[in-house]
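Inspection log for the structure reproduced underneath, given as structure tokens.
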Amino acid sequence: ALGLQFHDTDDVQIPGKTSSSGVDSGSSATRLFAVMTGKYSSGTGHLGLYYQTGDSLDNTDFDGVGLMLGVEYPLRKSIGTGEDNMSVLFEFDTKPFYIGKTGAASLGLRYRFMNAGHVTLAIVDVTDAAMLTLEGAYDFGAK
């Protein structure tokens with residue numbers, strides 16, 4: 001998969017921000033990524049490489065190349081039959097620009113629609129920030 005992610009904050013309080021006001025006003029960041037996915041015995045593995053730039057937290061430490069990886073394990077064993085399915089997802093991102101730290105683990109649930117895409121509800125950075133995210137994807141190659 002190839003993708004482009006744009007993150008924008010507008011007058012948002014960011015934990016750990018060192019500015020005098022503690023508010024990040026109107027900054028943004030962009031990420032261009034490629035992700036490979038492979039099946040293993042009972043689940044799926046993800047490996048992604050990305051390049052990002054921007055000033056989401058007024059910090060250039062998050063610019064450049066990063067890595068994301070994860071595993072997805074189906075809650076039902078009927079995966080591959082063309083049925084909708086729910087799975088547990090664990091991911092790690094080396095430069096999550098949206099929370100201002102190096103390295104963060106995410107834990108979530110992913111609902112796959114019959115060969116058409118998925119919706120994911122996850123807790124990002126389960127050890128510290130614990131941000132709730134909702135994302136979706138559509139498979140343009142679906143038959």
Side-chain angles (χ1 to χ4, degrees), residues 1-76 79-80 82-143:
L2 297 174
L4 178 66
Q5 181 181 19
F6 179 74
H7 179 75
D8 184 41
T9 56
D10 187 19
D11 296 331
V12 174
Q13 182 75 31
I14 297 175
K17 180 136 175 80
T18 58
S19 73
S20 59
S21 67
V23 173
D24 183 18
S25 108
S27 60
S28 62
T30 304
R31 177 185 281 188
L32 177 64
F33 62 90
V35 177
M36 298 175 291
T37 301
K39 301 269 185 208
Y40 59 90
S41 63
S42 60
T44 306
H46 311 279
L47 175 63
L49 185 65
Y50 57 82
Y51 176 80
Q52 64 191 22
T53 186
D55 64 348
S56 184
L57 297 169
D58 300 322
N59 187 340
T60 58
D61 293 342
F62 299 98
D63 286 351
V65 176
L67 182 68
M68 55 186 159
L69 50 101
V71 292
E72 184 177 343
Y73 185 78
L75 297 176
R76 288 187 324 179
I79 192 94
E83 298 176 6
D84 291 1
N85 205 338
M86 178 80 75
S87 58
V88 175
L89 180 67
F90 175 78
E91 292 183 335
F92 183 79
D93 189 343
T94 60
K95 293 182 176 186
F97 56 72
Y98 43 85
I99 59 174
K101 62 185 289 188
T102 309
S106 302
L107 182 62
L109 292 174
R110 176 168 284 168
Y111 189 84
R112 289 194 175 278
F113 298 98
M114 192 170 31
N115 299 321
H118 65 263
V119 174
T120 305
L121 181 65
I123 298 175
V124 178
D125 189 22
V126 292
T127 61
D128 192 16
M131 293 174 50
L132 188 63
T133 63
L134 177 64
E135 71 174 40
Y138 179 77
D139 183 359
F140 290 99
K143 295 180 175 99

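Model, not experiment: these values are computed from the prediction.
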Can you tell if the side chain of [X] reaches within under 4.5 Å of the side chain of [Y], non-hydrogen atoms only?
X	Y	answer
Val35	Tyr50	no
Leu89	His118	no
Leu107	Val88	yes

Pairwise distance [atom1]([X]) to [atom2]([Y]) - rounded to 0.5 angstrom:
X	Y	atom1	atom2	value
Ser106	Asp125	OG	CG	7.5 Å
Asp63	Thr53	CG	OG1	4.0 Å
Thr133	Leu121	OG1	CG	7.0 Å
Tyr73	Thr44	OH	OG1	11.5 Å
Gln52	Thr30	CD	OG1	9.5 Å

Are any side-chain N or O atoms of Thr94 and backbone N or O atoms of Leu67, one a donor and one an acceptor, separated by less than 3.5 Å?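 At least one qualifying donor-acceptor pair exists.
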More than 12 heavy atoms of other groups within 6.0 Å of Leu69 CG: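 Enclosed.
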Identify, with sequence neighbours excluded, every residue that meets side-chain hydrogen bond (donor to acceptor under 3.5 Å, both in side chains) alongside Glu91.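 side-chain hydrogen bond (donor to acceptor under 3.5 Å, both in side chains) check on Glu91 returns nothing, list empty.
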How would you list, by chain and number, every residue that makes a side-chain hydrogen bond (donor to acceptor under 3.5 Å, both in side chains) with Tyr51, sequence neighbours excluded?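 Testing Tyr51 for side-chain hydrogen bond (donor to acceptor under 3.5 Å, both in side chains), a comparison that skips the adjacent residues, returns none.
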Give the minimum heavy-atom separation between [X] and [Y], together with the two atoms involved.
X	Y	result
Arg110	Glu135	NH2-OE2, 3.6 Å
Thr37	His46	OG1-ND1, 3.4 Å
Pro74	Ser42	CD-O, 2.9 Å

Going through the checks in order, is the side-chain contact (heavy atoms from CB on, under 4.5 Å) test met by Met68 and Phe33? CA-CA 10 Å; Met68 55 186 159; Phe33 62 90; 3.8 Å; yes
Run the side chain to side chain contact (heavy atoms under 4.5 Å, CB included) test against Leu49 and tell me which residues pass, sequence neighbours left out.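 Side chain to side chain contact (heavy atoms under 4.5 Å, CB included) check on Leu49 returns Val65.
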What do the steps show when you test Glu72 against Arg112 for side-chain contact (heavy atoms from CB on, under 4.5 Å), and what is the final call? CA-CA 11 Å; Glu72 184 177 343; Arg112 289 194 175 278; 3.0 Å; yes
